[in-house]
Every structure is written in C-alpha cells, then in structure tokens.
Amino acid sequence: MNKVILWDFDGTLGYREGNWEEAIFELSSDKVIKNNSNSDLIGQMLQTGFPWHQPQIYFEAQTNGDDWWTYVMPRFIEIFKALGYAQSEAIEKANQIPQQYGKLEKWKIYNDTIACLMKLQNHNWKSVLVTNNIPEFPFILKHLNVENYFDAVFVSSLIGFNKPNPLILNRYLETLPRDIKIIVVGDREESDIEFAKAILADGILVRTKGTDQTPNFSNLVELTGYLLSLNFQ
C-alpha cells in the first residue's frame, strides 16, 4: 500500500524563532519593553487579520508575495500603533516586517526532523508539506536543506487557500493511487486535525496534546516508531 504523510511545518518540523511576536519585538526594541503585558497585547492582536483566520475564503488575488503582504499589513500597523507608535512610525515599522520575519537565520528545524524524514523515506513513506505560511517559505525551506525530503510542497500564501480547507492541496490527492494511506501530522487541532477530517485522513498531533482522542506524540522519534509499527493491508 502507498503511504503518504501530509506534514505541517511550524511547531511540527521547524519554527521561526519567537514567531511573529518576536519579529515585532525585534523591530520595536527602540521603544517597547518586552514584558508579559506587551506579549499578551501582541498575541491577542495576532488572532485576526491573516488569511488563515478565514480558511473558507479563496484569496485569489493573493497568490503572489506582494499582494499577500499588502493584505496583512494593516494588522501590523495596528499592532505597532497599539504599542505606542504614531501612524507614520507604525507604517514604517510594519513595512519592515516581511524582511524581519523572513530572515533566514531565524528559521530552524527541530533536532529530530531530519532523522525522522530520512527514516520514513527509507521505509517508502512519501512526505508532503502543507503549511499556512509566508510567500517566501520555499526559500526558507531550501535554506534549511530539507526540501528534497518532500514529494510536494503547498504553501497557503502561494495557493490562495489555507488549512484546514482541503483546497490548499490544489487537487493533489486526485493524482494519488487508490490504494493509499494518508496521515496528517501537525501540532494544532484547529488547523491540522480539522484538515485531516476534511480529507478523510487520520490525524496525529506532535509536540502537543489535543482535547479529544487524537493520537499524540511528544517528539518525532516517538512518532516515527509508531508509524513504522503500522501494518497496512
């Protein structure tokens, strides 16, 4: 039987140091104190304003980098204003976010990622990356030297759909054989496990625990052992 894993990236295989919050603090160190109050403020404001907060919508006009960043820019302007910057200053800071967040040296993979991908590849598992992420993500993936482990890569900002909407796969599933086992692996119930349900696949959480009976593993070493123990008929 053919076996395919649809991987999430952020929080599953790798991460951007400090994520969006840290990028904002990096740009506002001239005025803003990094404390719990400001962290809570930024975290709350990051809960809206991105395409992945409306996964049911097809963002047809945002399948290139400039348009995607134009869409999210008002949210960053509002965040910098909330942190105490005047309108003109907030706009200037927000315009620096794409470069700051996308800095290659800020992106990392977890210590167990390469070994996991290699081992599964050697046991005839196909890996596909499906991520709600920035338009520059393919360059980040290349920088991390993991792009060759994936048979396909789907980035929401370059497709127009966001997980858990199955249309992010751009009809990829239709190209697969009928006798296939598909497993979605991620760290978020609201995007990854719901995505698995939407495509009628099994869902597994890593580095986090869910609120239902979804299988979960604390790291990719445990996950790999579990996957290799499965016996498909």
Side-chain angles (χ1 to χ4, degrees), residues 2-16 19-21 43 46-59 68 107-114 116-117 120-121 125-135 137-138 140-141 144 146-147 149-173 176 180-228 230:
N2 295 280
K3 302 168 291 186
V4 175
I5 301 176
L6 303 182
W7 293 97
D8 172 54
F9 182 81
D10 287 279
T12 302
L13 298 176
Y15 56 97
R16 196 275 185 194
N19 215 321
W20 294 104
E21 179 182 308
L46 287 171
Q47 298 306 307
T48 59
F50 290 82
W52 45 73
H53 294 131
Q54 297 178 285
Q56 74 280 7
I57 295 177
Y58 177 32
F59 293 91
W68 191 89
W107 290 82
K108 312 292 181 183
I109 55 173
Y110 292 110
N111 292 335
D112 52 6
T113 294
I114 294 294
C116 170
L117 293 174
L120 291 173
Q121 189 178 67
W125 284 84
K126 292 185 181 297
S127 287
V128 173
L129 192 60
V130 189
T131 176
N132 290 346
N133 224 308
I134 63 175
F137 187 75
I140 294 166
L141 198 62
L144 294 172
V146 293
E147 60 177 347
Y149 292 106
F150 301 106
D151 282 59
V153 175
F154 298 94
V155 182
S156 62
S157 56
L158 300 176
I159 293 173
F161 287 106
N162 295 264
K163 288 188 298 182
N165 194 323
L167 294 177
I168 190 176
L169 289 173
N170 199 24
R171 305 175 73 100
Y172 172 76
L173 296 182
L176 300 177
I180 193 163
K181 181 67 175 180
I182 300 174
I183 296 178
V184 175
V185 178
D187 69 314
R188 293 177 177 269
E189 284 186 302
E190 64 272 21
S191 54
D192 302 311
I193 301 307
E194 289 304 311
F195 176 54
K197 292 177 181 178
I199 63 173
L200 304 179
D202 293 339
I204 297 177
L205 290 170
V206 291
R207 311 189 199 280
T208 187
K209 291 185 178 180
T211 58
D212 57 15
Q213 300 302 309
T214 302
N216 63 85
F217 298 92
S218 60
N219 55 62
L220 297 184
V221 176
E222 293 179 2
L223 171 70
T224 302
Y226 168 75
L227 293 174
L228 295 183
L230 296 177

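Side-chain contact check for L158 versus F137: every heavy-atom pair is 4.5 Å or farther apart. Annotation: side chain of N2 is not in contact with side chain of L176 (no heavy-atom distance under 4.5 Å). The shortest distance between side-chain heavy atoms of I168 and N132 falls below 4.5 Å. When side chains are defined from C-beta on, L227 counts as touching I204, because their heavy atoms get closer than 4.5 Å. Looking at heavy atoms from C-beta onward, D8 lies out of side-chain contact with F195 at the 4.5 angstrom threshold. Counting only heavy atoms from C-beta outward, the side chains of W7 and S127 approach each other to under 4.5 Å. Residues I199 and V184 are in side-chain contact: their nearest non-hydrogen atoms beyond the backbone lie under 4.5 Å apart. Proximity of N216 to T208: side-chain heavy atoms (C-beta onward) are nowhere separated by under 4.5 Å.
The main-chain N or O of L220 is found under 3.5 Å from a side-chain atom of D112 such that the two form a donor-acceptor pair. With hydrogens and angles disregarded, a donor-acceptor distance shorter than 3.5 Å links the side chain of S156 to the backbone of N133.
Of all non-hydrogen atoms in I182 and A201, the two that sit nearest each other are O-CB, 3.4 Å. The nearest pair of heavy atoms linking P164 to A198 is O-CB, 3.8 Å. Of all the heavy atoms in V4 and I180, the pair that sits closest is CG2-CD1, 3.4 Å. Nearest heavy atom pair, residue V155 against residue I134, reads CG1-O, 3.6 Å. Heavy-atom minimum distance, V128 versus Y172: CG2-OH, 3.3 Å. Across all their heavy atoms, L13 and T113 have their closest contact at O-OG1, 2.7 Å.
Taken to the nearest 0.5 Å, the CD1 atom of I193 stands 4.5 Å off from the OG1 atom of T214. I183 CD1 to I5 CD1: the interatomic distance, rounded to the nearest 0.5 Å, is 6.0 Å. Remark: F154 CZ to F161 CZ distance equals 13.5 Å, nearest 0.5 Å. To the nearest 0.5 Å, atom CD of residue E190 and atom NE2 of residue H53 are 9.0 Å apart. Taken from CG in L223 to CG in L228, the straight-line distance is 9.0 Å, to the nearest 0.5 Å. Between the NZ atom in K108 and the CD1 atom in I140 there is a gap of 12.0 Å [rounded to 0.5 Å].
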Could you check D187 against Y15 for side chain to side chain contact (heavy atoms under 4.5 Å, CB included), going step by step and ending with a plain yes or no? CA-CA 12 Å; D187 69 314; Y15 56 97; over 6 Å; no
Steps toward ring-ring contact (aromatic ring centres under 6.0 Å, His included) verdict (F50, W20): CA-CA 12 Å; F50 290 82; W20 294 104; 5.3 Å; yes
Run F150 and L117 through side chain to side chain contact (heavy atoms under 4.5 Å, CB included) and show every step you take. CA-CA 9 Å; F150 301 106; L117 293 174; 4.0 Å; yes
Stepwise side chain to side chain contact (heavy atoms under 4.5 Å, CB included) check, L129 with Y149: CA-CA 9 Å; L129 192 60; Y149 292 106; over 6 Å; no
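R207 forms a cation-pi arrangement with Y110, by the criterion of a distance under 6.0 Å to the ring centre and an angle within 45° of the ring axis.
Ring planes of F9 and W107: tilted class, angle from 30 to 60°.
By the neighbour-count criterion of 12 heavy atoms within 6.0 Å, atom NZ of K3 is densely surrounded, having more than that number from other residues, nucleotides or ligands. Residue-environment remark: CZ (R188) stays at or below the threshold of 12 foreign heavy atoms within 6.0 Å.
Using a 4.0 Å cut-off between a side-chain N of Lys or Arg and a carboxylate O of Asp or Glu, D202 and K181 qualify as a salt bridge. For D192 and K163, the salt-bridge test passes: some basic side-chain N is under 4.0 Å from an acidic carboxylate O.
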